[in-house]
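Residue numbers start from 1 in every chain, and the chains themselves are labelled A, B, ... in the order their sequence lines are given, proteins ahead of strands.
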Number of protein chains: 2
Amino acid sequence: MQELSEKGNITRARIVETARELFHKNGVRATSVDQILEASGTGKSQFYHYFRSKEDIVREVLRFYKEVMLSGQGPIRIEIDSWEGLENFFNDHLKGIRMFNYERACPIGSIGNELAAENEDVRQDVNAVLDISIQKITEFFEGLKKAGKLKKSADPKSLANFSLASLQGALLLSKFNKDPKPAENTVKHALTYLKSFSK
Amino acid sequence: MQELSEKGNITRARIVETARELFHKNGVRATSVDQILEASGTGKSQFYHYFRSKEDIVREVLRFYKEVMLSGQGPIRIEIDSWEGLENFFNDHLKGIRMFNYERACPIGSIGNELAAENEDVRQDVNAVLDISIQKITEFFEGLKKAGKLKKSADPKSLANFSLASLQGALLLSKFNKDPKPAENTVKHALTYLKSFSK
DNA sequence: ATAATATTGTACTAAATAGTTCAATATTAT
DNA sequence: ATAATATTGAACTATTTAGTACAATATTAT
């Protein structure tokens, strides 16, 4: 691999960002390389200079999500240290789908659902990225437990897993309905349930 | 539209069934018309004799799911008249994903996630099919309520919506993990929560 | 039997797709 | 300044895609 100049980094990042947006909006297979080029104002030689293939850019998009989440620079706070923080985590996702008129679900989940069967690496990448959220929520519940503020019967990892599953389903149903209510309703119930383990 | 002979109906049904299976396994866009033809042992002239386009067969597949659900002939009992029936509804879905080694999520949800953005008709079809389940679950909770066996605070439609959302998320996470545990765990929590409204 | 209709096989088309080639132009380091 | 390297433009290729044309063959109704 050759080095990238500052200019190269900017071009590369623009391509990744454009691909990320198109994958979220239309799906990976519904997005052609040519569409990414046109929308990012780049040419084919630029694309294949920075990426080996379409598969490669899918994985780079997932790497982007991973980095954003790990660096805490994304629009959604996943460092959760209070019940309010957990509510914000859910509500930020509701804000997210509102931005796109309830026409999109989770960008990472969408990629996973489309490609997990045909590409084992992508499946694992998707899993790893979603695990970041699950791990953060797990740590929140573990903290509560250590502080004696969570019922003994509660399993942090299990509750965190349930949190993410209900959130994925919530976003999906709102996309199908093009309406915020299914997601809001699901999140409300999930939070009520989770809080029932508080003490 | 011309009439179909018995032979025609069989061929047509075989194409729909093959498409249904491939869409579930690999996704709609990942499935070419030619793949459907090869897997169903039919030719192009047959396909376009019975279907107007690829979009058309996607909608026929959704119509198939709708009919199966409404006729009660599917592998999953959606006529629910007891808590055990609701548990079976969830557990049947867990059995379903086990059949495919946890490599697939909901076939209807997958189509919706892939095509809702680009095809409004498909989005509405998907919504309508999933609404059949939601409606059946709603009726179960309404029945309980009328019998005085559900807390007054419980809203049947809202709980039914939550049921389907958590199920969709459950199946999705197990697909990403290629493992039954996330779905089993999510379903366990969802059922616990739902039962908390029993009285 | 024959006419009408339904089904199917073969060959084709036009567009889109991912990816390549290669030379031209910037940029950076010495 | 110049050599090395990074970036980009333009034209191209091979394959796959959805969909068409049309004649040949079955099947059914009269």
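In this structure, dC22(C) and dG9(D) make a Watson-Crick or G-U wobble pair, each of the two defining distances being under 3.5 angstrom. Across all strands shown, dT30(D) forms a Watson-Crick or G-U wobble pair with dA1(C), both key distances being under 3.5 Å. Base-pair partner of dT8(C): dA23(D) (Watson-Crick or G-U wobble, both distances under 3.5 Å).
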Exercise for the section: Could you go through the side-chain hydrogen bond (donor to acceptor under 3.5 Å, both in side chains) check for Thr31(A) and Asn26(A) one step at a time? Expected result: CA-CA 7 Å; Thr31(A) 301; Asn26(A) 299 322; 4.7 Å; no

Practice task
Would you check, one step at a time, whether the test side-chain hydrogen bond (donor to acceptor under 3.5 Å, both in side chains) holds for Ser158(B) with His189(A)?
Solution key: CA-CA 9 Å; Ser158(B) 173; His189(A) 285 299; 2.6 Å; yes

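Rounding to whole angstrom units, CD of residue Glu118(A) and P of dA18(C) are separated by 12 Å. Between the P atom of dT20(C) and the CZ atom of Phe51(A) lies a distance of 15 Å, rounded to the nearest Å. One can place NZ of Lys54(A) at 9 Å from C1' of dA18(C), the figure rounded to the nearest angstrom. Leu4(B) has its CG atom 14 Å from the C1' atom of dT27(D), to the nearest Å. Computed from coordinates, the Ile15(B) CD1 to dT8(C) C1' distance equals 11 Å when rounded to whole Å. Remark: C1' of dA18(C) and CD of Glu55(A) are 13 Å apart, rounded to the nearest angstrom. Rounded to whole Å, atom P of dA26(C) lies 17 Å from atom CD1 of Ile10(A). Atom CD1 in Ile36(A) sits roughly 11 Å away from atom P in dT17(C) (whole-Å rounding).
Without hydrogens or angle criteria, Ser198(A) side chain to Leu150(A) main chain gives no donor-acceptor distance under 3.5 Å. Side-chain atoms of Asn119(B) come within 3.5 Å of backbone atoms of Val122(B) as a donor-acceptor pair (strictly under, hydrogens ignored).
Among the atoms of the strands shown, none is found under 4.0 Å from any heavy atom of Thr42(A).
Side-chain N/O atoms of Tyr50(A) include none lying less than 4.0 angstrom from OP1 or OP2 on dA6(D). For Gln46(A) and dT8(D), the shortest distance from a side-chain N or O to OP1 or OP2 is below 4.0 Å. The phosphate of dA18(C) (OP1 or OP2) has no side-chain N or O of Tyr48(A) nearer than 4.0 angstrom.
A cation-pi arrangement is absent between Arg20(B) and Phe23(B) under the rule of less than 6.0 angstrom and at most 45 degrees off the ring axis.
For Phe89(A) and Phe140(A), the ring centers are positioned 6.0 Å apart or more.
When distances are taken from the side chain of His49(A) to each of dT8(C), dT8(D), dG19(C), the shortest belongs to dT8(D). Distances from the side chain of Ser45(B) to the nucleotides dG19(C), dA21(D), dT7(D) place dA21(D) closest. Looking at the side chain of Asp34(A), the nearest of the listed nucleotides dT17(C), dT8(D), dT8(C) is dT17(C). You'll find that the side chain of Lys7(B) is closest to dT27(D), out of dT17(D), dA18(C), dT27(D). Nearest nucleotide to the side chain of Lys44(A), out of dT20(C), dA18(D), dT8(C): dT20(C).
With DNA chain D read from its 5' end, the first of the two nearest nucleotides for Ser53(B) and Glu6(B) is the one closest to Ser53(B).
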